Structure formats: C-alpha cells, structure tokens
Visitor: 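What follows is a structure written as structure tokens; I'll ask about it next.
The figures that follow rest on heavy atoms only: side chains count, while hydrogens, waters and symmetry mates do not. Remember, predicted model here, so these are calculated numbers, not experimental data.
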Amino acid sequence: MYQVVPGGAGGTITDVIPKQKHSKDTRPLVGAGVIGLVLVIAAVTAWCYYIASLRKAELLKTQLLDLNKDGYIIRNQGGSIVFRMDFRSGTLDLDSCTKEGEMLSCGRTTDRKLNFFIETVQPKETVQCYRVRWEELVPDIPVEHAMTYKFAHWYGGAVSAIQHWPISISGQQAPKPFVTSDIYSNRNEFGGILESYWLSSNATAIKINNSVPFHLGWNDTEKTMFFQARYNDSPFKPNPGEKPCAELSYRVCVGLDVTSIHKYMVRRYFNKPNKVPAKAMFRHPIWSTWALHKTDITQDKLLTYAANIRKHNFNCSHLELDDRYTPRYGEFEFDTTKFPNASAMFQKLKSDAFLVSLWIHPFVNYDSENFHVCVERGLFVREPTGRLPALVRWWNGIGGILDFTNPEARDWFSYQLRSLRSRYGVASFKFDAGETNYLPWKFSTRTPIRDPSFFTRRYTEMAIPYNDRAELRSGYQSQNISCFFRPIDRDSVWGYELGLKSLIPTVLTISILGYQFILPDMIGGNAYLNRTDGNRALPDRELYIRWLELSAFMPSMQFSVPPWEYDNEVVEIARKYTALHESIVAPRVLELAGEVLDTGDPIIRPLWWIATGDETAYKIDSQFLIGDDLMVAPVLEPGKQERDIYLPAGRWRSYKGERFDIKEPLHLTDYPVDLDEIAYFVWV
C-alpha cells in the first residue's frame, strides 16, 4: 500500500563537520534555518499524505462503484446513485485493502481478520455487475449488509400473505431465516414460492448466492433491508466438517432499464422449464372438489359434480379430487365408506371423458398404518441426533414428514403414486405443502442439507413424472420442474390479504421469480366460513364474477364453487369467459409458454415491461400484460362498474372496438366496465 523510501528530506546527514562556537550574531540565522527545515519537512509530509490519499481514493473505486470503510455505492452511467449498501457487521480497515485488476480486496476490519472482495464483471456492453463477498474467519459471527431501498421501487423475493406490487415494507423486522413457509397458517412469514432475488425500477438487481445461510430483515424508518448470513440461532447449517463461519456473497448488476436487466438476470441465474405442461391445462378449466365440498367429498358427490359440469356445457382439463378420500392421512387407498367402489367410479369418469388428479402431501400421521412402516424403514425426517423420527404438526394432525433427500423415501413415495396411477388411471397429482415451516426448527436428513428450503426443492422434484398436469404450491430453485405452480389458498375477500386484490401482485411476483406456468387458485377463493365476505357459505356473487373475469386472463383457470351454485346469469358469464379464455387468451399464452423454455421471460408481465422509463407504470398493481400486446384491467372493487385505466404509449384497440393511437401515456378516468365485462386492450 505505502512505500517507505529511505533518506530524503528527513534523511541522516553523514558528513562530519567540526564543531564551531557561534557568535551571538549568527544565532538568528541558525534559528531561521531550523524553522525552514521544519517547514520543508512538513510540506514534504503533507505532499506524501496527499499523494497517498489520491492513491487510496483511486484504489477504492472500481468502475462505477465507490467503496468506503462503512459500505459502498453504485452509480449508473449518468452518474446518479442507484444502489447503496452499508456494512453492519464491521468497519473495513482500508489500510488492509488492495486492488488488482478489477478486484478490490480487504483483509481486516478494525478489530479482526476477514476475507472481503468486490470484483467488477462486465458480461455484456449494457450490463455492469459486481461480485461481493464478505467471509468471516471466526465461527458464529453474523455478516450483515443493509441495502437502502429509497432510491427506487423494488420487486421479487417471495410471495406474502399481504401482497403488494411493488414491495411495500412496513415496520421493523430483525433478520429471520429466508425460507419457504405456509403463509396461510403463518401470515407474517415468507411464502412458499421464494428466491433470493430482487429487482428495482432503476435497473438494478441483486441475487444472493444459493450457498448463503440467508436471513432477511427490514426497517421502514431507515428505508433499509437487512441481508444477513449466520448459522447461530438458525435452521441453516454448515457443510459437515466445516466451521460455522458465515459468508455473505451476492451479485449486484446494473443495466440500462428494468426490463433488460431482469432479462439478463433470468437468463444467467434461474433454472428454465424444459417442457410445456399439457395444452389442455391452458385451454380448459380445472375443476376441484375442495372449496365446494372440503373434506366431505364422497363418491356420489364427485360423480354428481362431474355430471353437472357436462350438464351445464363446460369443458374440463381434469377433475381434482382433493382432501379427504383416504381413511387416514398417509395412506394411499380409498376410504371404502366414502368411496365404496373407487374402481367403478374411475371407469365411469373415464367413459365420460374426465381425467382425474388426486390431492397428495408429504405427511404420514401417527394413526396411519404406514407410520410404523416408515419408522422401521427410516423414511422420515429425524431429530438432530438422527436417532429418532421427528413428529411434526400440520393442518390435519400430527405425524412424520417424509425425507425426500433419502432415496428410499423417494422410491417409497413414488411407488405409492405409481400404484394409484396404474390401479385407477389417475392422470396426475396436486402436491400440497412442501414448505420448510413443517420441518422441526432443528432436524436431520439422510443427505445433509445446508439450506432448509432445499427440502422444498426435493419435494417439488417428486412432481416431475406427472408434470403434464401436476400442481405445486411451493417452489425454491424449482423453475425447471416444468409444471403449474399455484399460490397458497386465497380467502373469499376483496382485499390485499389473500384476497382478490392480491392476485395480480402475487402472480407478477411469482413471474419475476421465474415461475411462468401459474394456476391462480380457485375462482372466488376457498369459501372458508370465517374468511368469506358476506358471511355466507358461498363467496359473494359480485366477488365471484370479478374473480372469474380476472382468472380468464391467467395462464390457467380453476373452478371449485361452480357457477350454477348462483344463478343462470352467473352460468352465462362463466360460459362467456371460459370461451374467451380458450379462443383469445390460451393461444397467446401457449405461444409465450414455448418461448419460456429458452428465455424464462414472464407470460404475465407488469406494465413497466413495455414502459421502462414510466414512473406511473412502476406502481400499477391492478393491470397487467400478457406478452407485450394484450393489456388487462379488471375491476377489483365492490360495487364498481367503472375504473381508472392507465394506457402506456402506443397503438391500442379496446375490447369495445375503440382505438387509441397515443405517443404519451393516457389516463382513462372512470372508464365504464359492466359487471359482466373486463377491460382489455390489444396492441394494434
């Protein structure tokens, strides 16, 4: 860092001069000489410090990033600050820093050694990336960086119970494990579909490395998100034999606009599906027994449900037989009391051209005949010592949870599913649960896993043989499973907390995280008695219609409460929109689905996708695009038959035939939308 040069202005004088006795007249001259020498030394010292500071300033810059002892900032090509990260786990000792090429490295904080670097990478002309790594050398010291989010609107991360677009942060939260969770039961946790990736409106994106024991917190007063790596008091574990030394590593990339930087990040960091699910799932609705019958489903009720679908002239991708068709949870035989002749039932449904999928889950309750089998064979997740199976509580009781890192458990579970398929002709399965909150806080698996959410990944892999028509509700690094992903159950309410207004923000978030084959849950919600507007057994009629209209513009539609539970008008509206979905929406969605295999680009897109510099478009959460050329604006408020619509610049034709050729964005105020209508606009 600093070069010490011997000699110089303060060097040693080696010539020997005989001592002389000075007269009084020469003493002022000597004093002036001493003062002059001191001034020269001071000037040279100041110059050295100045040169050193210039070198240090140059050293602490790399491309458009400025590093200081407490953090760093990144600027865009125009010089504006677009990203700021503060170090909360230590102050860098800048004298320990060096620069080699495009890498800044530091070896100490003010009180301990560490490994720290920032490396500049330019993967393409329009993208600048910075690889950041802070590694502690002492066990059990957390690493925490604080990202300021006030510079832009942010998207991504995880689904949540109260879903907003862009992300809306309120309150304070100490960093907690960033792992998948059932947000229907745990509404303050992160959701079942989750990736450590965030994207901002100022064309900046951050991707946390998958190896990080990642915890996320926030403070809305400071406008910061806390990115923390730790093993202490955490379900994350180091690799066997490794010390619990935390490492926080991630990549920050800056591009020209929000759309292009997201395209780069998806192509670089996300898995892609390798096939498109069955086309019928895009074209025709799925019909589930859950919201209508809950656990009271029987053979007669299922056959009647199927008969009514045909009676009212609706198409059907497949029937979904939900909870509870087995006598106990964890068994794979039909309950003969409720289904006295399952084989005959399946034959009847097949003759009527119905395919059937079955609800399935990873639990085996303690009262199931299979519980003892799984204990004896060691198929369950175990407590930390690995000697005993761990008992877990889920929404249908207490039991073991299958260890999908164990090849024997995977084979056993797969055998049960294959047996159902071969015996009854089951088309596929609805894979429920899979979130890590159903694991014990401390646990062990046959194959050790560092990140609890890797359990979610392993569970989703069980759907691969059935991915033509399979359905999953949890996902982590699971984009390549190539099946439909469903957000957690919705309540039959209008609002942002698991209600109708949450659908578009949730679907957009899932899309940004790389999951493009989306099943937006059941039309009208799940009709839970204590979470249904209107306090009725059925969802509110107006809510049901508006939900139906919105679902018609999603990649797939799913009914449970059928339209004939209301009246003929609702049946006609349902026919209208299932036909519109099949004729207008599905062909475009299938075209885009094929492109997903190569690009990973969303099918359902935010308005800013085509309006990258439009501040208003960054904040719109009640409109969306299908591709770049079909814009949808549903009514999401009760009692409304009009809404404000934001049209990006371009040439648009409305569903009413109106044409808008606009060079600037246009606000349509109180645009009329009748109860049986949904506003949509096609790019001309």
Visitor: Count the heavy atoms of every other residue, nucleotide or ligand shown that sit under 6.0 Å from CD of Q77, and state whether that count exceeds 12.
Guide: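 Open: at most 12 neighbouring heavy atoms sit under 6.0 Å from CD of Q77.
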Visitor: What residues, two or more places apart in sequence or in another chain, satisfy salt bridge (Lys or Arg N to Asp or Glu O under 4.0 Å) together with E542?
Guide: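 Not a single residue meets the salt bridge (Lys or Arg N to Asp or Glu O under 4.0 Å) criterion with E542.
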Visitor: Does H145 have its ring centroid less than 6.0 Å away from the ring centroid of F87?
Guide: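 Yes, they do, as the ring centres are separated by less than 6.0 Å.
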Visitor: Which value, rounded to the nearest 0.5 Å, describes the distance between Q477 atom CD and N210 atom CG?
Guide: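 So the CD of Q477 and the CG of N210 are separated by 4.0 Å.
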Visitor: Checking side-chain polar atoms at under 3.5 Å, does R531 have a donor or acceptor matched by the opposite partner on Y184?
Guide: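 Distance-only check passes for R531 and Y184.
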Visitor: Working note: L508 + Y155, criterion side-chain contact (heavy atoms from CB on, under 4.5 Å); need CA distance, chi angles, decisive distance, verdict.
Guide: CA-CA 9 Å; L508 289 174; Y155 315 91; over 6 Å; no
Visitor: Quick one: do the R450 and S211 side chains pair a donor with an acceptor below 3.5 Å?
Guide: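 Side chains of R450 and S211: no pair found under 3.5 Å.
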Visitor: Are more than 12 heavy atoms, taken from residues, nucleotides or ligands other than N188, located less than 6.0 Å from that residue's CG atom?
Guide: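 No, the 6.0 Å shell around CG holds no more than 12 heavy atoms from other groups.
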Visitor: Between R458 and T445, do the side chains contain an N or O donor and an N or O acceptor separated by less than 3.5 Å?
Guide: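 R458 vs T445: no donor-acceptor pair found between side chains.
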Visitor: Measuring centre to centre across the rings, with the benzene-like ring taken for any Trp, is W165 within less than 6.0 Å of Y496?
Guide: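 For W165 and Y496, the ring centres are not under 6.0 Å apart.
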Visitor: Would K243 count as a cation-pi partner of Y231, with NZ or CZ less than 6.0 Å from the six-membered ring centre and within 45° of the ring normal?
Guide: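 Pair K243/Y231 does not count as cation-pi.
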Visitor: Answer yes if the ring centres of H262 and Y197 are under 6.0 angstrom apart, and no otherwise.
Guide: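 Yes, ring centres under 6.0 Å apart.
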Visitor: For the residue pair F116 and W134, categorise the inter-ring angle as parallel (less than 30°), tilted (30 to 60°) or perpendicular (more than 60°).
Guide: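 Aromatic pair F116/W134 classed perpendicular.
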Visitor: Given the ring of F190, does K176 sit roughly above its face, with NZ or CZ under 6.0 Å from the centre of the six-membered ring and within 45° of the axis?
Guide: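 Relative to the ring axis of F190, which defines the angle, K176 lies inside both limits.
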Visitor: Would you say the side-chain atoms of N480 pair up with the backbone N or O of K272, donor to acceptor, closer than 3.5 Å?
Guide: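 No; zero donor-acceptor contacts below 3.5 Å.
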Visitor: From T91 OG1 over to R108 CZ, what is the distance, rounded to the nearest 0.5 angstrom?
Guide: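 The distance works out to 12.5 Å.
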Visitor: Among residues at least two apart in sequence or on other chains, which ones pass salt bridge (Lys or Arg N to Asp or Glu O under 4.0 Å) with E144?
Guide: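 With sequence neighbours excluded, E144 shows a salt bridge (Lys or Arg N to Asp or Glu O under 4.0 Å) to no residue whatsoever.
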Visitor: Measure from NZ or CZ of R268 to the centre of the six-membered ring of F270 and say whether it is under 6.0 Å with the direction within 45° of the ring axis.
Guide: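 No cation-pi geometry.
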Visitor: Would you say the side chains of T180 and T456 form a donor-acceptor pair under 3.5 Å?
Guide: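 Yes, side-chain donor-acceptor contact under 3.5 Å.
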Visitor: Could you tell me if Y515 and E195 have a donor-acceptor pair between their side chains, going purely by distance under 3.5 Å?
Guide: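 On atom types as modelled, these side chains qualify, holding a pair under 3.5 Å.
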Visitor: Counting only heavy atoms not in K442, do more than 12 fall under 6.0 Å of its NZ?
Guide: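 Counting other residues, nucleotides and ligands, NZ of K442 exceeds 12 neighbours.
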Visitor: Measure the spacing between CD1 of I261 and CG of L199 and express it to the nearest 0.5 Å.
Guide: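 Atom-to-atom, I261:CD1 and L199:CG are 8.0 Å apart.
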Visitor: Taking the ring of H361 and the ring of W394, is the distance between their centroids below 6.0 Å?
Guide: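 Aromatic pair counts; centres sit under 6.0 Å.
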Visitor: Looking just at side-chain N and O atoms, do S200 and N202 make a donor-acceptor pair shorter than 3.5 Å?
Guide: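 Checked: S200/N202 side chains pair up, N/O donor to acceptor below 3.5 Å.
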